[in-house]
Every structure is written in structure tokens, then in C-alpha cells.
Amino acid sequence: MNQPPRYIAIEGPIRVGKSSLARILAERLRGRTVFDTEDNLFLNEFYEERPGAALRAQMYFLLERFRQLRDLRPAEARSALVADYLFEKDKIFAYINLSDDELRLYDGYYELLRSQVPTPDLVIYLQAPPGVLRERITRKARQMGSQVETAISQEYLEEVVRAYEHFFFHYKSSDLLVINTAEIDFVERREDLEELLRRLTQPVKGTQYYLPLGSSVEARKRGKSAVGN
């Protein structure tokens with residue numbers, strides 16, 4: 001990458017490839033990675049829909065993400081920082097998972113903490129339709145020998161995808177590159193990765209879209225329309 005941003009955040013719904021791309025970019029940039037917390041004491045009971053579990057799980061994530069990001073100081077870091085999440089992710093899920101009363105409590109904490117975390121120079125938003133994400137969730141569950149993520153309903157997965165599309169349609173805080181990953185696999189296919197990395201050598205100003213050369217016409221149509229839904 002030519003004169004890369006100092007702080008890059010990668011976002012998107014579950015199993016879209018955030019952590020994999022973060023590792024690859026950090027290696028290429030000789031930078032360091034910042035990974036979202038996966039250890040949440042309340043996550044299993046949230047998937048089981050126990051009363052109050054959504055608020056407990058959300059507050060746990062909020063505090064852990066805040067602790068992780070508040071002291072990054074990317075402008076002072078010796079190398080680039082690549083995170084596999086954006087702090088605002090927490091609010092995306094809060095508005096999906098919490099009741100109105102719970103949101104009033106959550107919003108007070110969120111607004112207090114948000115002003116204390118740095119804003120990325122560049123955000124990379126990875127898109128994929130729910131059907132593709134479901135296939136990747138199932139494949140990952142077989143590889144990991146864990147069925148926790150397979151408990152996510154199709155309705156919930158679709159709601160998450162819509163919430164991300166709505167959020168990034170309005171996102172203006174950083175330069176934004178939107179990447180449709182429905183028909184590319186930059187982890188398994190070297191040519192997909194190299195094409196993506198070539199795109200990332202070019203500057204991103206405002207909101208821009210990356211549509212891989214190998215994508216079908218239908219994938220290109222989805223990439224152009226998805227953020228506007």
C-alpha cells in the first residue's frame with residue numbers, strides 16, 4: 001500500500017472475512033492487529049434467549065471494546081493499526097437486540113464512551129448476502145467443531161445484514177471502501193487476494209466501491225444497490 005492510513009478498521013456481518021483480511025493487511029503493512037473480543041460470559045444465554053441476557057451481553061461487549069480501543073493512539077504508533085471491528089459496531093447490535101427501555105440505559109453509556117476512542121482513517125466494509133454468510137457459518141462450525149454460531153436464526157442474520165447496510169449508507173466519519181465478497185474468497189484464492197491488495201494501493205476518498213473483476217453481473221448489481229437499501 002502506498003502511504004497507507006495509520007488506522008484501518010474492517011467491518012461487516014459475521015463470517016464475512018473481517019479477521020482474515022485484518023491479519024493479511026497487518027502483515028503486508030508490517031503493522032499490528034486489534035481483534036474484537038470473542039469471550040463474552042453472556043453470549044450463550046443470549047443465543048438461548050434468556051431474559052435480560054441481551055443487555056448483559058451488550059454491555060459486556062461495549063466495555064471490552066472501549067477498554068481495547070481507548071488507548072490505541074494511532075497517530076503516535078510506530079506502525080499501522082488494523083482492527084477487525086469498528087467501535088460503532090456495538091451500537092448496530094444494540095439497536096437490534098435491546099428493548100426500548102434497555103436502549104435508554106445503553107445509549108447513556110455509549111455516548112459517554114464513544115468520545116474517548118479514536119476514529120479510523122479508513123473503514124473497509126465487507127458485504128455478503130445472508131445466504132453466503134449462512135454457508136460460511138456452517139463451514140466454519142464444521143472446522144471448529146462448535147455449533148454456537150449455527151444457533152443464529154436466518155431471520156436474525158438477515159436483520160444484521162440490513163442493519164449494516166443502513167449504517168454504512170449513512171456513514172461519513174471516515175473514508176469508506178465497500179467490498180462485495182459474495183463471489184470472491186481472498187483467504188482461499190490467491191488471485192482474489194492479490195487483486196484486492198492492488199485496489200488497496202490506491203487512495204480512498206469519501207465512499208468508494210470495489211467490485212472484483214471476477215464478479216458476475218448479478219454480483220455487481222448487488223454491490224451497487226446493497227448499501228442503498
Side-chain angles (χ1 to χ4, degrees), residues 1-38 58 61-96 107 109-128 160-161 163-181 186-187 193 196-211 223 226-228:
M1 297 179 68
N2 182 27
Q3 295 182 341
R6 299 293 297 169
Y7 179 19
I8 301 171
I10 303 172
E11 257 303 347
I14 184 172
R15 296 303 166 206
V16 77
K18 301 183 294 292
S19 299
S20 297
L21 184 56
R23 289 188 187 95
I24 293 166
L25 282 183
E27 181 180 348
R28 290 295 181 105
L29 296 172
R30 295 183 175 84
R32 64 185 179 96
T33 50
V34 181
F35 292 115
D36 196 6
T37 180
E38 294 185 354
Q58 202 64 59
F61 273 133
L62 177 66
L63 293 175
E64 288 300 307
R65 288 163 177 159
F66 169 72
R67 291 188 185 107
Q68 189 175 47
L69 296 179
R70 65 178 170 181
D71 297 325
L72 284 183
R73 295 185 176 86
E76 301 172 13
R78 295 182 178 180
S79 58
L81 299 171
V82 184
D84 72 343
Y85 72 101
L86 187 66
F87 187 73
E88 287 88 336
K89 167 187 187 168
D90 206 274
K91 195 167 188 177
I92 294 176
F93 282 89
Y95 272 74
I96 294 173
D107 277 340
Y109 284 98
Y110 176 87
E111 294 302 328
L112 179 66
L113 300 178
R114 174 63 188 92
S115 62
Q116 301 179 56
V117 299
T119 299
D121 303 306
L122 171 66
V123 174
I124 300 174
Y125 166 39
L126 303 180
Q127 291 179 321
V160 168
V161 170
Y164 267 102
E165 291 172 353
H166 177 79
F167 173 79
F168 279 110
F169 179 70
H170 297 280
Y171 185 77
K172 303 295 181 184
S173 300
S174 312
D175 292 324
L176 175 66
L177 180 64
V178 181
I179 301 175
N180 189 304
T181 71
F186 51 78
V187 177
L193 172 61
L196 174 57
L197 292 175
R198 280 194 293 273
R199 171 60 187 90
L200 290 172
T201 62
Q202 306 167 26
V204 177
K205 296 297 181 184
T207 298
Q208 296 183 4
Y209 297 83
Y210 169 72
L211 300 172
V227 177

*Taking the side chain from Ser174 and the backbone from Val123, do they hold a donor-acceptor pair closer than 3.5 Å?*
no
*Glu11 and Tyr171: side-chain donor and acceptor closer than 3.5 Å?*
no
_Walk me through whether Leu69 and Tyr85 qualify under side-chain contact (heavy atoms from CB on, under 4.5 Å)._
CA-CA 10 Å; Leu69 296 179; Tyr85 72 101; 3.3 Å; yes
*Mark yes when over 12 heavy atoms from residues, nucleotides or ligands other than Glu38 sit less than 6.0 Å from its CD; otherwise mark no.*
no
_Any donor-acceptor pair under 3.5 Å from Arg6 side chain to Asp121 backbone_ = no
*Which residue, Leu126, Asp84, Val16, forms the side chain to side chain contact (heavy atoms under 4.5 Å, CB included) with Leu21?*
Leu126
_Any Leu177 side-chain heavy atom under 4.5 Å of Leu200 side chain_ = yes
*Roughly how far, to the nearest 0.5 Å, is the CZ atom of Phe61 from the OG1 atom of Thr37?*
6.5 Å
_Before you tell me yes or no, could you show the steps for Phe66 and Arg114 under side-chain contact (heavy atoms from CB on, under 4.5 Å), namely the whole-Å CA-CA distance, both residues' side-chain angles and the distance that decides it to 0.1 Å?_
CA-CA 8 Å; Phe66 169 72; Arg114 174 63 188 92; over 6 Å; no
*Going through the distances and angles, do Ile24 and Leu196 end up as a side-chain contact (heavy atoms from CB on, under 4.5 Å)?*
CA-CA 11 Å; Ile24 293 166; Leu196 174 57; over 6 Å; no
_Side-chain heavy-atom pair Arg28, Leu197 within 4.5 angstrom cut-off_ = yes
*Less than 4.0 Å between a side-chain N and a carboxylate O, is that true for Arg65 and Glu88?*
no
*Flag the pair Leu63 / Leu113 as yes when at least one side-chain heavy-atom distance between them is below 4.5 Å, and no otherwise.*
yes
*asked:* Looking only at the aromatic ring of each residue, does the gap between the centers of Phe87 and Tyr110 stay below 6.0 angstrom?
replied: yes
*Could you give the distance from OH (Tyr210) to CG (Asn180), rounded to the nearest 0.5 Å?*
10.5 Å
*Give, for atom CG of Leu122 and atom CD1 of Ile8, the distance between the pair rounded to the nearest 0.5 Å.*
5.5 Å
_Are the side chains of Ile14 and Val160 in contact, using a 4.5 Å heavy-atom criterion?_
no
*Can you name the nearest heavy-atom pair linking Gly206 to Asp175, along with the distance?*
N-OD1, 3.0 Å
_Return the CG to CG distance between Leu25 and Leu81, rounded to the nearest 0.5 Å._
12.5 Å
_Minimum heavy-atom separation for Pro5 and Ala80, please, with both atom names._
O-CB, 4.1 Å
*Evaluate the side-chain proximity of Leu72 to Arg32: yes if any heavy-atom separation is below 4.5 Å, no if none is.*
yes
_For the backbone of Ala26 and the side chain of Arg23, can you confirm whether one donor and one acceptor N or O come within less than 3.5 Å of each other?_
no
*Is the backbone of Gly12 close enough, under 3.5 Å, to the side chain of Gln127 for a donor and an acceptor to pair up by distance?*
no
_Check Lys18 with Asp36, please: is the shortest side-chain N to carboxylate O separation under 4.0 Å?_
no
*Heavy-atom closest pair, residues Gln208 and Pro203*: OE1-O, 3.7 Å
*Give a yes or no on this: more than 12 heavy atoms of other residues, nucleotides or ligands lie within 6.0 Å of atom CD of Glu27.*
no
*Kindly give the heavy-atom pair with the smallest separation between Tyr95 and Asp107, and that separation in Å.*
OH-OD2, 2.9 Å
*Could you tell me whether Phe93 atom CZ has more than 12 heavy atoms of other residues or ligands within 6.0 Å of it?*
yes
*With a 4.5 Å heavy-atom cut-off, do Phe168 and Val178 have their side chains touching?*
no
*State which residues pass salt bridge (charged side-chain N to carboxylate O under 4.0 Å, His left out) with Arg199; sequence neighbours excluded, sorted by chain then number.*
none
_Closest non-hydrogen atom pair between Arg67 and Arg70, with its separation_ = O-CG, 3.8 Å
*Indicate whether any N or O donor in one side chain lies under 3.5 Å from an N or O acceptor in the other, for Arg15 and Ser20.*
no
*Minimal non-hydrogen separation, Tyr7 against Ala83, with atom names*: CE1-CB, 4.2 Å
*Output, in order, the C-alpha distance, side-chain angles, deciding distance and verdict of side-chain contact (heavy atoms from CB on, under 4.5 Å) for Ile179 and Phe186.*
CA-CA 12 Å; Ile179 301 175; Phe186 51 78; 6.0 Å; no
